[in-house]
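These notes concern the structure reproduced below.
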There are 2 protein chains.
Amino acid sequence: MAPHRYTEAEQMLVALDCIIFGFDQNELKLLAIKRDFEPEKGNWSLMGGFLRRTESLDEAANRILISLTGLKNIYLEQLHAFGEVDRDPVERTVSVAYYALIDIHTHDKELMKAHGASWFSIHDMPDLIFDHNHMVDAALKRLRYKASHQPVGFELLPEKFTLPELQKLYECIYDTELDKRNFRRRMLSMDVLIKTDEKLKKYSKKGAFLYTFDKEKYNEKIENGDSTVFKPILS
Amino acid sequence: MAPHRYTEAEQMLVALDCIIFGFDQNELKLLAIKRDFEPEKGNWSLMGGFLRRTESLDEAANRILISLTGLKNIYLEQLHAFGEVDRDPVERTVSVAYYALIDIHTHDKELMKAHGASWFSIHDMPDLIFDHNHMVDAALKRLRYKASHQPVGFELLPEKFTLPELQKLYECIYDTELDKRNFRRRMLSMDVLIKTDEKLKKYSKKGAFLYTFDKEKYNEKIENGDSTVFKPILS
DNA sequence: GCAAAAGTGTTAGAACTACACCCATGC
DNA sequence: GCATGGGTGTAGTTCTAACACTTTTGC
């Protein structure tokens, strides 16, 4: 039909915004920064940036995540593209949101400070700029789904973690309480946790055994068509 | 940091591509068109177009869907944003893919012909341009998930449908065979199907009772927090 | 009357849920 | 020795999956 489809098309900006989750003992947390340019300068915002012509969406999301946390090889997944006409008052901008899961204790505190970044409990979030609160809602919903179908919870914990910590994490993600025995049975029945002989005495005198997640074993099982390795924690 | 974030950012094109599913008696099908402009003119492609500055992503996806099918109020959901640098050889373009579920018998055949559109079995797809085959793979995966967790199957059927038709649809979506008795029990136990007193004799001499999906009742149950209305057909 | 699809119940095994006590340790 | 969190087993119930025959009708 139209002879010059490409030349007639309208150019616009493509942005990325990262919803960064962390877990700190008793709470699921989210990383927000103080925006350092107008409009909305000084208000809380997700970490974001604009897509460059020389990088893919995934690469850009990683670049932005690294610029704030210093962390590479992080769990990062595209969430949704947000494209309301007036979502950004300055320029027509489509934003592709990504969510990331990090171990809250490993990120670069200097970089964080430089960006005016701060962790917020997901139960006590400030108002964020633009449609960023919507993005967070969508990310939480996705995390809840994802965590009960695939072993992503481990991404929020240190490499070595205890079963009580893992349970607490799931309880925070789902805002509910879980039965200790049933939780342990289910987790261990998947046969992808390796028990170490170390104990963590951070939370109790007796101490709890540390485990690691056996990613290779898990991948192997998945490749062998065993789609039931990871059983939903919550329907 | 940078003083002119917006002016330094690079503009680019945002496209939309629609993966349109239909169901025809024995097969899950997908609508592809013959591309009518360069590059790749004459090759099979998803129906697509460019985002305008005056419309949201959802609006644009709907516009594109309507321009091909003539259908309004269609089930349409965002799938994923595809943003590899070289995915479009002409211009740097980020494409946001949407998938749609339509009743294959209701669309506008004139419009279809004008676009050189054609239905393909998902088991016998031609090569599509750019990354469109990847988009289809992702859409199928999403459809499989979605159909087992929410009652979207009905969108692919006429308003009135029989249980054998519904079962066949699920069998096509999941490429498997289902037990007739278990399927019927499960579907009816959700208590969101209304049995009419009409029979459809298209497929058998005896005829099968026609049902409709009670969307209001379903929504009511969801609002009342009954998250177990729709039980997964397949784990 | 027969071919072809529609419709209907039961049962064994698996999975889920609820529940209470002992253990190890630091103070 | 006691307070604190870590660790363990069972039984009742529910859900799932497998299975075969009767019904209706058009030809």
Residue [X], side-chain atoms from C-beta onward, closest of [options]:
X	options	answer
B:Phe209	C:dA3, D:dG6, C:dG7	C:dG7
B:Pro164	D:dG6, C:dG26, C:dA6	C:dA6
A:Lys201	C:dT25, D:dA17, D:dT25	C:dT25
A:Arg185	D:dT10, D:dG7, C:dG26	D:dT10
B:Lys180	D:dG6, C:dA6, C:dA18	C:dA6

For residues 102-111 of chain B, dump all side-chain donor-acceptor pairs below 3.5 Å to protein atoms at least two apart in sequence or in another chain.
from	atom 1	to	atom 2	distance (Å)
B:Asp103	OD1	B:His105	N	3.1
B:Thr106	OG1	B:Asp103	O	3.0
B:His107	NE2	B:Ile104	O	2.9
B:His107	NE2	B:Trp119	NE1	3.1
B:Asp108	OD1	B:Glu110	N	2.9
B:Asp108	OD1	B:Leu111	N	3.1

Within the modelled atom types, does a donor on one side and an acceptor on the other bring the side chain of A:Lys206 and the base of C:dA24 under 3.5 Å apart?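 Under the 3.5 Å cut-off, the side chain and the base do not form any donor-acceptor pair.
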
Looking at the base of D:dA17, is there any donor atom on it, or on the side chain of B:Arg181, that sits under 3.5 Å from an acceptor on the other one?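 Counting by modelled atom types and ignoring angles, no donor-acceptor contact under 3.5 Å is found here.
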
Interatomic distance where [atom1] belongs to [X] and [atom2] belongs to [N] [whole Å]:
X	N	atom1	atom2	result
A:Glu177	C:dA18	CD	P	13 Å
A:Lys205	C:dC23	NZ	P	18 Å
A:Asp179	C:dA15	CG	C1'	15 Å
A:Leu178	C:dC19	CG	C1'	15 Å
B:Leu210	C:dG7	CG	C1'	15 Å
A:Asp197	D:dG6	CG	P	19 Å
B:Lys195	C:dT8	NZ	C1'	11 Å
A:Phe183	D:dG7	CZ	C1'	14 Å

(Q) Tell me every residue that passes side chain to side chain contact (heavy atoms under 4.5 Å, CB included) with A:Asn182, counting only those two or more places apart in sequence or in another chain. (A)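 Partners of A:Asn182 under the side chain to side chain contact (heavy atoms under 4.5 Å, CB included) test: A:Asp179, A:Arg185.
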
query = Pick the nucleotide of DNA chain D nearest each of B:Lys199 and B:Asn182; which residue has the one closer to the 5' end?
reply =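 By nearest-heavy-atom nucleotide position, the 5'-most residue is B:Asn182.
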
Original post:
Between B:Asn62 and B:Tyr98, does any side-chain donor sit less than 3.5 Å from a side-chain acceptor?
Top reply: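 Side chains of B:Asn62 and B:Tyr98: no pair found under 3.5 Å.
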
Is the shortest side-chain N to carboxylate O distance from A:Glu171 to A:Lys180 below 4.0 Å?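 No, this pair does not count.
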
Please determine whether a side-chain nitrogen of the Lys or Arg among A:Lys202 and A:Glu165 lies less than 4.0 Å from a carboxylate oxygen of the Asp or Glu.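 Between A:Glu165 and A:Lys202 there is no salt bridge, as every charged N stays at least 4.0 Å from the carboxylate O atoms.
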
